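Notes follow once the structure below has been shown.
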Amino acid sequence: EIYTLSLHDALPILLDECHNLSKTLRGLVGIELSKKTLEKRDPVLADELDAENIDQFIPWLRDRYLPATYDRLKTLMEIASDRSATEAEGREAFEAKQEYLRVLAAYEGVQKDPENWVYWKNVHPRDGNITLNCKPLNVGPFFHQHFDCFPRRIFMSAFIGNKDIFCGELGLDPDSVAHLQLESEFKPENRPVILLNGGNLGQQYQAQSLPGVLKLIEKIVRKHSDERGLIHTHSYILGDAVAKHLRESGLNSRVIYPKDAEARDEAMEEHAQRKDGILISPSLYEGFDFADDLARYQILVKVPYMSMGDEVVKVLADMDPRWYKIEALKTFVQTCGRAVRNSSDFAVSYAIDSGFSNLLREVGNEAPRWFLEAIKAR
């Protein structure tokens with residue numbers, strides 16, 4: 001169904017990359033407090049960042065974090081209101097206000113509907129950084145709060161996933177949502193996705209499969225010896241293993257491996273300068289453009305399932321295992337699009353984990369037809 005707008009209709013809002021909309025809303029309205037970040041502005045509060053459960057977290061948020069954040073905000077606003085204030089001081093005051101209002105709204109949300117909120121404490125395995133997280137399961141009310149002022153909404157994405165699941169997450173009536181699927185203008189032969197079934201990289205089998213997987217990755221990059229390529233590892237643990245193997249195999253001069261997101265931009269610039277660069281990262285799945293010879297091949301090492309370390313993901317996956325698999329399928333589709341960016345561009349994507357084949361067997365019927373046309377199994 002195509003809606004025709006007259007001059008008397010309200011203007012529509014266009015929401016691009018809408019496959020991430022529920023996740024984005026959850027991040028915007030939820031709380032994620034990092035000890036490393038908090039140490040820079042309030043070391044005392046940072047030392048207190050240790051609540052094991054929501055019963056400890058909410059009183060601390062009410063009695064310590066919100067008052068301290070409000071006091072900081074008042075100080076920054078006074079500085080910013082002075083005529084001699086710099087642009088940076090004004091920006092810092094604005095950001096402090098946004099942070100305070102966001103956390104306050106989340107606190108009030110927990111008070112209003114505690115059953116809709118999930119809390120967990122996370123310790124990062126690489127640097128030991130502690131984060132306290134409190135996020136909502138159902139983001140539908142927040143979607144309506146922000147977007148009901150737009151009676152016409154256009155959602156765009158390469159692949160939104162299952163329509164009913166998408167509507168359910170946002171609290172939309174599927175019968176009132178038109179779903180239009182378009183064909184791709186990119187020829188399948190320019191964007192083949194080759195399923196290599198090189199080993200099971202599920203947690204239980206990863207140690208056994210990894211040596212063979214690493215040799216297969218080496219074989220692929222040697223085949224593309226004079227071309228730039230990407231290796232999507234899904235985790236830094238796998239990234240470390242891939243980078244180490246390639247370096248020890250005599251390919252060190254080609255390997256570019258940023259150890260964290262802060263080093264990624266510099267690494268991408270270095271990649272653009274090398275005609276045979278191999279850029280390794282667990283976080284290039286979407287939002288990045290490797291057009292033309294910036295990537296003539298890419299390797300997807302492992303199925304990009306969402307982390308069960310995120311308690312919201314764990315609860316939602318228990319409620320609907322199919323949702324969890326479709327989320328991985330969406331990331332699979334997005335990743336394959338990193339290297340083919342226009343109708344004359346071309347690149348090959350190699351999917352190594354045998355889990356990719358399993359994923360397509362289980363939920364492949366949800367994938368766009370244009371994506372399935374490029375799939376090749378070996």
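Throughout, residue positions are numbered sequentially from 1 according to the sequence presented. Keep in mind that the numbers below use all heavy atoms, side chains included, and drop hydrogens, waters and symmetry copies. Note that the structure is a prediction, hence the values are computed from the model and not measured.
No donor-acceptor distance shorter than 3.5 angstrom exists from the side chain of N20 to the backbone of K23, with no hydrogens or angles considered. A side-chain donor-acceptor contact under 3.5 Å links Y257 to the backbone of D240. Between the side chain of K302 and the main chain of D353, no donor-acceptor pair closer than 3.5 Å is present. For the pair N358 (side chain) and R361 (backbone), a donor-acceptor distance under 3.5 Å is absent. A donor-acceptor pair under 3.5 Å is absent between the side-chain atoms of R254 and the main chain of G250, judged by distance alone. Without hydrogens or angle criteria, R296 side chain to F346 main chain gives a donor-acceptor distance under 3.5 Å. For S209 (side chain) and Q206 (main-chain N/O), no donor-acceptor pair under 3.5 Å exists by modelled atom type. One N or O on the side chain of S184 and one on the backbone of F186 form a donor-acceptor pair closer than 3.5 Å. When atom types are taken as modelled, the side chain of R228 and the backbone of D293 share a donor-acceptor pair closer than 3.5 angstrom. Remark: the backbone N or O of R341 is paired with a side-chain donor or acceptor of D345 at under 3.5 angstrom.
The closest side-chain donor-acceptor pair between W370 and Q181, if any, does not fall under 3.5 angstrom. Under the 3.5 Å distance criterion, with hydrogens and angles disregarded, a donor-acceptor pair is assigned to the side chains of H234 and Y285. Side-chain N/O atoms of S354 and N200 include no donor and acceptor closer than 3.5 Å. A donor-acceptor contact under 3.5 angstrom links the side chains of R264 and S283, judged on distance only. Judged purely by distance below 3.5 Å, without hydrogens or angles, the side chains of S349 and Q298 pair a donor atom with an acceptor atom. Looking only at atom types and distance, the side chain of H19 has a donor-acceptor partner in the side chain of E286 under 3.5 Å away. In summary, the side chains of S34 and N129 do present a donor paired with an acceptor at a separation below 3.5 Å, with no hydrogens or angles considered. Looking at Y236 and H124, their side chains never bring a donor and an acceptor atom within 3.5 Å of each other.
Looking at K112 and E108, no side-chain N of the basic residue comes within less than 4.0 Å of a carboxylate O on the acidic one, giving no salt bridge. We find that K36 and D127 are joined by a salt bridge, their nearest charged nitrogen and carboxylate oxygen being less than 4.0 Å apart. Comment: R102 engages E99 in a salt bridge, judged by a side-chain N to carboxylate O separation of less than 4.0 angstrom. Using a cut-off of 4.0 Å between Lys/Arg side-chain N and Asp/Glu carboxylate O, D148 and R153 are scored as salt-bridged. Between E32 and K135 there is a salt bridge, since at least one side-chain N of the basic residue sits less than 4.0 Å from a carboxylate O of the acidic one. The pair K74-E78 fails the salt-bridge criterion, with no side-chain N (NZ, NE, NH1 or NH2) lying under 4.0 Å from an Asp/Glu carboxylate O.
Contact of the L210 side chain with the L214 side chain is registered, since non-hydrogen atoms from C-beta on lie closer than 4.5 Å. A 4.5 Å side-chain heavy-atom check between P141 and Q145 finds every atom pair outside the cut-off. Within the 4.5 Å cutoff, the side chain of I130 has no heavy atoms near those of the N122 side chain. Side-chain contact between V313 and E327 is absent, with no heavy-atom pair separated by less than 4.5 Å. Inter-residue side-chain proximity for I231 and V221 is flagged as met; some heavy-atom pair is nearer than 4.5 Å. Counting heavy atoms from C-beta outward, L195 and I375 have side chains that approach closer than 4.5 Å. Counting only heavy atoms from C-beta outward, the side chains of H232 and I299 never approach each other to under 4.5 Å. The shortest side-chain heavy-atom distance between N133 and I31 does not fall under the 4.5 Å cut-off.
Using cut-offs of 30° and 60° for the angle between ring planes, the W60 and Y65 rings count as tilted. Ring geometry, H271 versus F290: the interplanar angle exceeds 60°, so the pair is classed perpendicular (tilted spans 30 to 60°).
The number of heavy-atom neighbours closer than 6.0 Å to CG of L28, taken from other residues, nucleotides and ligands shown, is above 12. Other residues, nucleotides and ligands place more than 12 heavy atoms under 6.0 Å from the CD atom of E52. Crowding of M156 atom CE: a count of heavy atoms from other residues, nucleotides or ligands under 6.0 Å not exceeding 12. Crowding of K121 atom NZ: a count of heavy atoms from other residues, nucleotides or ligands under 6.0 Å exceeding 12. Atom CD of E189 has more than 12 neighbouring heavy atoms from other residues, nucleotides or ligands inside a 6.0 Å radius. Within 6.0 Å of atom CD in E183, more than 12 heavy atoms from other residues, nucleotides or ligands are found, so the atom counts as buried in its surroundings. Counted within 6.0 Å of CD on Q208, heavy atoms from surrounding residues, nucleotides or ligands total 12 or fewer; the atom is thus considered open.
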**Test side chain to side chain contact (heavy atoms under 4.5 Å, CB included) applied to L172 and H144, step by step** = CA-CA 9 Å; L172 301 171; H144 289 289; 4.2 Å; yes
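Annotation: cation-pi geometry not satisfied between R62 and Y107 (NZ/CZ under 6.0 angstrom from ring centroid, within 45° of ring axis).
Among residues two or more places apart in sequence or in another chain, the salt bridge (Lys or Arg N to Asp or Glu O under 4.0 Å) test is passed with E311 by K314. For Y100, there are no side chain to side chain donor-acceptor pair (under 3.5 Å) partners at least two apart in sequence or on another chain.
Note: E39 CD to D47 CG = 7.0 Å, rounded to the nearest 0.5 Å.
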